[in-house]
Structure formats: structure tokens, C-alpha cells
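Following: one structure in C-alpha cells, then a few remarks.
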Amino acid sequence: MQTQDQRLLIVDDDEMFCHVLSRALSRRGFEVQVAHDADQAMTLITQFMPTMATLDLKLEHSSGLKLLPDMLASAPNCRIVVLTGYSSIATAVEAIKLGAVNYLCKPADADDVIAAFDHQDGDPNIELADNPPSINRITWEHIQKVLQEHDGNISATARALGMHRRTLQRKLQKRPVRR
């Protein structure tokens, strides 16, 4: 029997990821609904009334960071974990400030997602990295921060960074640089 606290909404535009995650979470006893864009997410959050949600940071036509406050306004008791393949310190900080309970980098499986919902308190004993991030990673982080400051506007971000818009677009199409 399903209980109210096992209702989970997955908001992600990657249909295959949604299918796999939905199936895995359903097998673990969650009642799962899936939305592939912001409009579907807002419709489902008011109809389905989830108590938990995963939210992709980079949706096809919008930003998960822009959707996050709207979701929480419609369902204030919903705990939201932001998932992304484009992680950066700037977006992690903003997601938490906007009300997400956790932030996960993809690839993440069902166990990672469940653990993220369960692990909401900070851990002062977390291991510190032995070496600093690479210059390429620092560049990626800076671009993400400036992009966030300009609400995702590519042209304004390119002007702020002093680079050509097409150059910035090429950099943004690449996967994030590993540490």
C-alpha cells in the first residue's frame, strides 16, 4: 500500500533517464509521476501533490532553478533534490538557497536519489579534496556563475565575459570539465 510520503515527481527532459529512474523508484515502493518540462511539472505538482521531487537543472526550454521556487510555492512541503549533468558550485549554492534539500551530479541512480532525500543535514566530517580544481574546471565554474547572474542570457553573459557569443555557446555545449 502506498503512503502519502512516498509520492515522488521526476522532472527531467531526458525520457530514458526518467523511465529508468521511475521504474527503479517504483520498485522501491514510491508512487512516481514524470514531467518532461516546466508546464507538465506545474500541472502534476498541483494534481499529484508529491512530497518529494527530483528536478533537472537544465531542462530543454527552461532552467530548473527558475522552476524550483514555483514548485515550492505550489507544494511547500515538497522536498526537492536538484539533479544535473552540468554541475557547478554556483548552481549548487543557488539551488540550496532557493529551497532544494540536496544537489546531485548525474549520473545518479535510485539509491543515490533516496540517499539525497535522507541526507539533508550538513556533514562537517566530509573529506576534503587533496588537490585544487583544474584551471579548466575553474573556468567552467566561472562561466556558470556569470551565466546564472545573467539569468541564462547567452549574449549578456558573453559580453560580461568579453568573448564572442558563438564561442560561449560552444563552451556551454560541452560537458562540464572534471576536477
Side-chain angles (χ1 to χ4, degrees), residues 9-18 21 34-46 52-76 78-108 112-113 116 120 122-123 126-179:
L9 174 63
I10 299 171
V11 182
D12 198 305
D13 54 5
D14 182 338
E15 292 186 23
M16 181 56 75
F17 176 77
C18 288
L21 186 60
V34 175
H36 297 295
D37 61 40
D39 292 336
Q40 282 182 329
M42 290 310 297
T43 299
L44 281 173
I45 205 153
T46 55
M52 293 178 274
T54 63
L55 175 61
D56 189 16
L57 182 67
K58 190 173 183 181
L59 297 169
E60 189 172 345
H61 299 292
S62 64
S63 161
L65 289 181
K66 289 184 179 183
L67 183 57
L68 181 57
D70 295 337
M71 290 176 65
L72 287 171
S74 294
C78 185
R79 296 176 310 168
I80 300 175
V81 170
V82 172
L83 292 173
T84 184
Y86 298 88
S87 64
S88 73
I89 293 169
T91 56
V93 168
E94 289 305 314
I96 300 304
K97 283 182 179 178
L98 291 169
V101 296
N102 219 322
Y103 183 98
L104 284 179
C105 300
K106 288 180 181 176
D112 296 330
V113 171
Q120 296 179 47
D123 181 3
I126 193 165
E127 281 189 42
L128 300 176
D130 290 335
N131 53 357
S134 69
I135 190 70
N136 290 335
R137 182 62 190 202
I138 292 169
T139 302
W140 171 262
E141 297 272 347
H142 181 66
I143 288 171
Q144 293 299 312
K145 179 180 176 279
V146 175
L147 183 64
Q148 185 63 36
E149 289 170 357
H150 290 90
D151 297 322
N153 183 312
I154 302 291
S155 296
T157 302
R159 281 191 297 275
L161 292 170
M163 69 173 59
H164 195 278
R165 183 182 50 79
R166 278 186 254 150
T167 302
L168 177 58
Q169 286 176 315
R170 279 194 301 276
K171 287 180 179 283
L172 291 171
Q173 287 175 346
K174 295 179 182 175
R175 299 297 268 172
V177 179
R178 294 280 178 220
R179 299 202 173 265

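Values below: all heavy atoms of this structure, side chains included; hydrogens, waters and symmetry mates excluded.
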Minimum heavy-atom distance Ala116-Leu104, with the two atoms named: CB-CD1, 3.8 Å

Pair His142-Leu161, side-chain contact (heavy atoms from CB on, under 4.5 Å): steps then yes or no: CA-CA 9 Å; His142 181 66; Leu161 292 170; 3.6 Å; yes

Side-chain donor or acceptor of Ser87 paired with backbone N/O of Thr84 under 3.5 Å: no

Straight-line distance of Leu55 CG to Asp12 CG, nearest 0.5 Å: 8.5 Å

Atom pair CD (Gln169) and OG1 (Thr157), whose distance is rounded to the nearest 0.5 Å: 10.5 Å

Minimum-distance pair of heavy atoms, taken over all atoms of Ala38 and Ser62: CB-OG, 3.8 Å

Evaluation steps, side-chain contact (heavy atoms from CB on, under 4.5 Å), between Val101 and Val81: CA-CA 6 Å; Val101 296; Val81 170; 3.9 Å; yes

side-chain contact (heavy atoms from CB on, under 4.5 Å) between Val11 and Asp56, intermediate numbers included: CA-CA 6 Å; Val11 182; Asp56 189 16; 5.9 Å; no

Main-chain N/O of Thr43 paired with Thr46 side-chain donor or acceptor, under 3.5 Å: yes

CG-NZ distance between Leu65 and Lys97, expressed to the nearest 0.5 angstrom: 11.5 Å

Sequence-distant partners of Arg159, side chain to side chain donor-acceptor pair (under 3.5 Å), two or more places apart: none

Approximate separation, where rounding is to 0.5 Å, of Arg170 CZ and Arg165 CZ: 10.5 Å

Heavy-atom side-chain contact between Leu67 and Met42 under 4.5 Å: yes

Shortest non-hydrogen contact from Ala100 toward Leu68: N-CD2, 3.9 Å

Side-chain heavy-atom pair Leu172, Ile143 within 4.5 angstrom cut-off: yes

Smallest separation among heavy atoms of Pro107 and Asp112, with atom names: O-OD2, 4.3 Å

Check against side-chain contact (heavy atoms from CB on, under 4.5 Å), Thr91 and Lys58: CA-CA 11 Å; Thr91 56; Lys58 190 173 183 181; over 6 Å; no

Minimum heavy-atom distance between Val146 and Ala160, given as atom pair plus value: CG1-CB, 3.9 Å

His164 versus Arg166, closest heavy-atom pair with distance: ND1-N, 3.1 Å

